[in-house]
Amino acid sequence: MYKTLVQFIKDRYRTDERIPLHAPLFVGHEREYLLETIDSTFVSSVGPFVDKFEQDMAAYTKSPSAVVTVNGTSALHMALMLAGVTTDDYVITQALTFVATGNAIHYCKAEPLFIDVDRTHLGLSPLAVDAWLEEYAYLDDAGQCHYKKDNRIIRACVPMHTFGHPVDMDSLIYVCKRWRLTIIEDAAESLGSIYKGSHTGTLGQLGILSFNGNKIITTGGGGMILCNTELGKRAKHLTTTAKLPHPYEFYHDEVGFNYRMPNLNAALGCAQLEQLERFVESKRKLAQGYERLFEHSSLKFIIEPQHCRSNYWLNGVICADRSERDELLQVTNDVGIMTRPIWQLLNRLPMFKDAPHGSLANTEWLADRVVNLPSSVISGELYA
């Protein structure tokens, strides 16, 4: 099987160089827009491409408001603040995620509360969230959710659409509504992914995107907050150092953040967004090839959930056990094909090891078995 997989990947990417996990692709107006920005001298956080990128993304996702930031972590930090997350709050999330999810919660002086994921979509399990809350949480007379053990507030819930596969949002929304929890979707990996007709990141009260260099489209570094119009105005104010508009005076009415995306990055983002649907199509075609390849294998290819369109940001397989996982990682990396296991689970990292959690049986099972495969957009297929 490994030999067949290696040949499949080499045939698709047609290179003798090391094949990365996910590389950016610049085949549109990127150079043109960047040179236009440089010639204008508006290269920082004021410039037409910043506004255009927000407007274009709001139109694409059908979000009432879209506010750019310097990276996905800052977008999540701001979204948590907008949701009212503050000192000593708990935020329900998954341990199977990139470290930025936990870090952003910590920036608010809150603490993550890790709940198990679903083996199908690899995202936060609504059933596990509901079961944990039923046993360990209560609502006070004002309808505020608390942890029984220490009476601290459980303020919000952050599901992550793992590898671009949408979480079961209908069920999670039902659970969080019953327990009065604000949903902030970590859609950093799922731009272009659709859940029952709605773009990921637009189903909760807030959502965030990432445009890091390894995402489906990139601004080099960047993020975005998706939310309603009122929260969007608040987000834009706070991310531009809370400066009040004035022709020449610098007056800031509260502590703000220098989180606004520069015009240079936004120019790149505008050019990339123009190609997003073609990128998604290419990645879905690659995923179909992987799915056929593993049809009769001990390796189980991870497919999109029902009633969803996944962007297949990172393709993945579930191995029979940890031994098979390690063998697959060794064989592929030895021949110049980058593959990797899931991130180290957050509850195993030193800064989050004491955070409360429920049973993480599925989380740990997946961590021992999942391998990500090369998933870059294949340029030769875009205009075929």
Side-chain angles (χ1 to χ4, degrees), residues 45 50-86 89 91-93 101 104-105 107-108 110 124 143-145 153-161 166-167 169-211 222-245 253-254 256-257 259-261 266 269 273:
S45 58
V50 179
D51 296 331
K52 176 175 169 53
F53 191 36
E54 290 178 327
Q55 292 161 7
D56 290 353
M57 189 61 74
Y60 178 81
T61 60
K62 297 181 173 59
S63 175
S65 183
V67 181
V68 290
T69 62
V70 291
N71 51 50
T73 309
S74 60
L76 185 53
H77 178 206
M78 185 54 53
L80 288 161
M81 289 186 61
L82 293 169
V85 174
T86 189
D89 283 352
V91 177
I92 291 174
T93 192
T101 308
I105 293 169
Y107 296 162
C108 296
L124 196 62
Q144 185 70 65
C145 186
I153 292 173
I154 305 172
R155 184 82 60 183
C157 178
V158 180
M160 199 270 283
H161 301 294
V167 170
M169 289 302 298
D170 282 353
S171 299
L172 190 63
I173 289 168
Y174 175 81
V175 171
C176 289
K177 185 176 181 180
R178 191 158 67 89
W179 288 94
R180 311 290 179 89
L181 301 176
T182 300
I183 295 179
I184 304 160
E185 291 177 75
D186 185 343
E189 302 174 0
S190 63
L191 178 60
S193 295
I194 307 297
Y195 176 83
K196 296 183 178 180
S198 297
H199 196 285
T200 52
T202 67
L203 294 118
Q205 287 88 335
L206 296 125
I208 69 96
L209 303 170
S210 171
F211 312 114
M224 192 169 287
I225 304 161
L226 304 177
C227 56
N228 64 39
T229 304
E230 183 179 350
L231 286 176
K233 291 177 181 177
R234 177 75 177 144
K236 189 169 183 178
H237 180 61
L238 287 174
T239 55
T240 50
T241 67
K243 180 181 180 295
L244 295 180
D253 62 352
E254 59 184 309
F257 300 84
Y259 280 176
R260 191 82 170 146
M261 177 185 285
L273 183 54

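Residues: numbered from 1 along the sequence shown.
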Does [X] reach the side chain of [Y], with side-chain heavy atoms less than 4.5 Å apart?
| X | Y | value |
| --- | --- | --- |
| L181 | C145 | yes |
| V50 | V68 | yes |
| M224 | T61 | no |
| Y174 | M169 | no |
| I92 | V158 | no |
| D253 | H237 | yes |
| P159 | I183 | yes |

What are the two closest heavy atoms between [X] and [Y], and how far apart are they?
| X | Y | result |
| --- | --- | --- |
| E185 | T202 | OE2-N, 3.3 Å |
| S210 | G72 | CB-CA, 4.2 Å |
| L124 | V167 | O-CG1, 3.6 Å |
| S65 | G232 | OG-CA, 3.3 Å |
| Y195 | L203 | CD2-CD2, 3.7 Å |
| P166 | I194 | CG-O, 3.9 Å |

Applying salt bridge (charged side-chain N to carboxylate O under 4.0 Å, His left out), which residue pairs with at least one partner in [range] are found, sequence neighbours left out?
| range | value |
| --- | --- |
| residues 56-66 | K52-D56 |
| residues 189-207 | D170-K196 |
| residues 77-86 | none |

The criterion is side-chain contact (heavy atoms from CB on, under 4.5 Å); which residues satisfy it with [X], sequence neighbours excluded?
| X | value |
| --- | --- |
| K243 | T241, F250, H252 |
| T240 | R260 |
| I153 | D89, Q144, H146, R155 |

As an exercise, state the distance from [atom1] of [X] to [atom2] of [Y], rounded to the nearest 0.5 Å.
| X | Y | atom1 | atom2 | result |
| --- | --- | --- | --- | --- |
| F257 | L238 | CZ | CG | 7.0 Å |
| D186 | I184 | CG | CD1 | 10.0 Å |
| H199 | S193 | NE2 | OG | 6.5 Å |

Test item: S190 side-chain N/O and H161 main-chain N/O as donor-acceptor pair under 3.5 Å: no
All salt bridge (charged side-chain N to carboxylate O under 4.0 Å, His left out) counterparts of R234, not counting sequence neighbours: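 By the salt bridge (charged side-chain N to carboxylate O under 4.0 Å, His left out) rule, R234 matches E254.
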Audit row: C176, T182, side chain to side chain contact (heavy atoms under 4.5 Å, CB included) steps and yes/no: CA-CA 7 Å; C176 289; T182 300; over 6 Å; no
What pairs with [X] under side chain to side chain donor-acceptor pair (under 3.5 Å), at least two apart in sequence or on another chain?
| X | result |
| --- | --- |
| R178 | D130, E134 |
| T69 | S74 |
| S171 | D168 |
| Q205 | none |

Matching residue for L226 among L209, L206, L231, V67 - test: side-chain contact (heavy atoms from CB on, under 4.5 Å):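 One option only clears the test, and that one is L209.
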Aromatic ring proximity Y60/F53, centre distance under 6.0 Å: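 No; F53 has its ring centre 6.0 Å or more from that of Y60.
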Under 3.5 Å, which donor-acceptor pairs do the side chains of residues 77-84 form with other protein atoms, sequence neighbours left out?
residue	atom	partner	partner atom	Å
H77	ND1	Y259	OH	2.9

